[in-house]
Amino acid sequence: MTENNNLSGSLLQAILFAAEKHRDQRRKGADQAPYINHPIAVAEILWRVGEIRDEVTLQAAILHDTVEDTDTTLEELERLFGTEVRDVVMEATDDKSLPKAERKRLQVVHASHKSIRARAVKIADKISNLGDIIRTPPPDWTAKRICEYVLWSEQVVAGLRGYHPALEAAYDAVLAEAKKSVGL
Ligand code: ZN
């Protein structure tokens with residue numbers, strides 16, 4: 001019971017922090033959902049599909065886009081959530097000083113060097129993103145761009161495999177759906 005309470009408390013703390021950081025952001029999809037829906041979805045996928053109960057992984061999932069997409073710093077995450085959470089978020093964060101194409105290339109190159117926790121967060125992230133792109137494609141994305149995204153995401157996940165069979169199977173299911181929907 002105590003353990004459950006600790007987990008709930010630490011997750012709620014992360015959700016509140018991420019919700020405040022992402023408060024003015026919307027998702028790219030046609031429905032312009034509040035950004036926070038996405039990190040919550042990633043954590044929920046880890047919990048339900050991956051059956052992950054590790055506090056660090058779940059907190060990192062909630063926080064995974066805060067450094068990349070808001071003014072949050074790694075120091076701030078370390079102070080509030082500890083070094084382990086900070087490290088997983090860092091592993092899920094692209095280097096924003098690099099051009100977009102290079103960042104995408106590096107995600108593929110670096111995938112096979114990620115920690116087991118970061119792999120889980122990254123696969124769940126790709127499940128969430130691919131699902132969103134099929135359900136509510138960004139209005140300004142061409143069919144070609146969607147195809148490119150689907151194939152790139154497949155390459156990244158290829159490097160993350162081998163540790164989380166249930167998440168990998170869920171990714172494969174959404175990938176098959178995405179490929180079908182774009183005629184790949
Ligand atoms: Zn994300």
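Side chains included, hydrogens not; waters and symmetry mates left out as well; all remaining heavy atoms used. Whatever order the structure lists ligands and atoms in, that order sets their numbers, starting from 1. Index from 1, following the sequence.
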- Task: Indicate yes or no for a side-chain donor-acceptor contact from W152 to the backbone of K104 under 3.5 Å, with no hydrogens or angles considered.
- Result: yes
- Item | Candidates E55, E84, E91 - the one meeting salt bridge (charged side-chain N to carboxylate O under 4.0 Å, His left out) with R117 | E84
Is any NZ, NE, NH1 or NH2 atom of the basic residue among [X] and [Y] found under 4.0 Å from an Asp or Glu carboxylate oxygen of the other?
X: E102; Y: R105; result: yes
X: D31; Y: R26; result: no
X: E154; Y: K179; result: yes

- Message: Is there a side chain to side chain donor-acceptor pair (under 3.5 Å) between Q107 and K114? Walk through the geometry before answering.
- Response: CA-CA 10 Å; Q107 278 204 36; K114 297 292 176 191; over 6 Å; no
- Message: What protein N/O/S atoms are there under 2.8 Å from the Zn ion (ligand 1), waters excluded?
- Response: H38 NE2, H64 NE2, D65 OD2, D125 OD1
